[in-house]
Amino acid sequence: MLEIKNLVVSYGSIVALHDVSLNVVAGEIVTLIGGNGAGKTSALKAISGLVAPSPGSIRFQGEDITRLKAHQIVKRGLCHVPEGRMIFANLTVAENLDMGAYLRTDAVEKRATLQYVFSLFPRLKERAQQIAGTLSGGEQQMLAIGRALMSKPKFLMLDEPSLGIAPLLVKTIFEKIVEINREQGITILLVEQNANLALEISMRGYVLETGRILLHDHSPALRRNPEVRKAYLGGG
Amino acid sequence: MLEFLQQLINGLALGSIYALIALGYTMVYGVLRFINFAHSDVFMVGAFCGYYASKVGSRFLASGTVTAAIVVFLMSMVVCALLGILIERLAYRPLRERSKLTVLITAIGVSLLMEFTGQLVFGADPKSFRLLPSKNLQIFGGLVFNTNQVVVLGVTVLLLVVLQMIVLKTKMGTAMRAVSYNHRAAALMGINIDVVISFTFGLGSALAAAAGILYAISYPSIDPLMGVMPGLKAFVAAVLGGVGSIPGAAIGGVLIGIIETLVSGYVSSTYRDAIAFGVLILILLFKPTGLLGQPTVEKV
Ligand SMILES: Nc1ncnc2c1ncn2[C@@H]1O[C@H](COP(=O)(O)OP(=O)(O)O)[C@@H](O)[C@H]1O
Ligand SMILES: [Mg+2]
């Protein structure tokens, strides 16, 4: 579904990604793990069109999207929930969700998606008229995911959904990610520093280190891999 | 007391014009985080469009009628909306990734270009036009309302209501607020940032055009440099209200208009302009975010 070949991303003279290739098959949850500064966020930004890769190619459902602008990529059904959530703190929860559905014109189906998002995260329904900036970190993450779902994506990229969130809510959010994948058939690329959790819910994983793919394998195998255990799972 | 109320009415009318201009500064600041100094010249072009539209229109429509006045307003607002969109497209968009200082200097350049082109095209001599016959209305024992002031207040209130509806109730308005908060997050929603920015310039410029006509009917004459002072006052108004805040710009404009009128009425008209800039210095010293402004959110 998503094929990335020889992707390079640089910011001026800083090279964040060197020659990264990865692919995600429809229906999968794939995770990209790696330490701080490994280049995970840069990879997602390149895919969603927030930074221009040079060189490299990104294909989504067979189409070359390397040079498309961010808003054109969303239209193709690829949606990015960015690091730090980036909800519109000045808008209400309902307005945030409405912005998620910006490109949709099917009013009836849009309402159905909204009902689905509210069933997934009842907290958002309770707070629909509240200014989004007043939500807790966990609620903001729910809103960021809900907002992305409003675009009815085929493919969802999540950048560190566990960052800065109370442990209990992290568990809920990860359960919902699995639910979104299973019940809606949405393919997921999950970026995490919390490798334990990410490998638990994903089918395959890539390990990124200083801008390079170090290894990739099925998630259970990665969890047993001594190198991965030592570097990312806090065990020997 | 009567005198004071009279000054208040005059100040309110003047402040309405500042408010309409200030809205353009604040909306553009919202989406692009820079002060479009050419905005005051769009205001000037708005007045001239009104002047020419009323001349041309008088051949087809009985001049001095409400219909003719509405046509003049609409034509000028449409022309200036397009002009605003064009300025952004040609002068500012190519510099989108450059430093704010570069854009600011460009804006000053565009402003000078428009002022001198205005002198070439419209002529440097002052012109005047009348939209509707004006007369003074006496209300409660001696208080005088000029019909032009009624037009100024009426049009301003109408435009503020329409603007508020657009910004709060429409999809484009919500997108404007989303873009003001964070470009990247807005782009990730599928919002075409360029379209929203064009829309913002169009909207702000249309309001400036209306302000230009209101100014032209309230004062004896218009000329290509007429935008400079009201533009600066409106800029002060936007800062006073909290730049980026739409209600702030409206309130700031009215306050500056009232302060200015009271100062020229009770102190001395020589200090009128000095006071406005004194206000600017005081805000920058004591409340840099203005009355309704939010502390700037650092964009990621
Ligand atoms: N906007 C930027 N400008 C310059 N360097 C950046 C920028 N964003 C990220 N980097 C650098 O690129 C590298 C990868 O960063 P990032 O993709 O954010 O990693 P991760 O998400 O894995 O923590 C880091 O060295 C970081 O300092
Ligand atoms: Mg990151």
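Numbers restart at 1 for each chain; the letters A, B, ... are given by sequence-line order, proteins then strands.
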Between A/Q129 and A/V93, does the side chain to side chain contact (heavy atoms under 4.5 Å, CB included) criterion hold? Intermediate values first, please.
CA-CA 6 Å; A/Q129 296 314 319; A/V93 169; over 6 Å; no

So, the side chain of A/D106 versus the backbone of A/E109: is there a donor-acceptor pair under 3.5 Å, distance only?
no

Picking from A/K45, A/E95, A/M150, which has the most non-hydrogen pairs under 4.5 angstrom with chain B?
A/E95

Go through the atoms of A/I87 and report whether side chain, backbone, both or neither lie under 4.5 Å from a heavy atom of chain B.
backbone

Which atoms of A/A89 approach chain B - backbone, side chain, both or neither, heavy atom under 4.5 Å:
both

Cation-pi geometry met for A/R147 and A/F88 (6.0 Å, 45°)
yes

Is there a donor in the side chain of A/T66 and an acceptor in the side chain of A/R59, or the other way round, less than 3.5 Å apart?
no

Identified salt bridge (charged side-chain N to carboxylate O under 4.0 Å, His left out) partner of A/D98 from the options A/R111, A/K110, A/R104
A/K110

If you take the centroid of each ring, where Trp contributes its six-membered ring, are B/F43 and B/Y215 closer together than 6.0 Å?
yes

Determine which residues belonging to residues 161-176 of chain B lie within contact range of chain A, meaning some heavy atom pair is under 4.5 Å apart, and list them by number or answer 'none'.
B/L168, B/K171, B/M172, B/T174, B/A175

Would you call A/V191 and A/L158 a side-chain contact if the rule is heavy atoms closer than 4.5 Å?
no

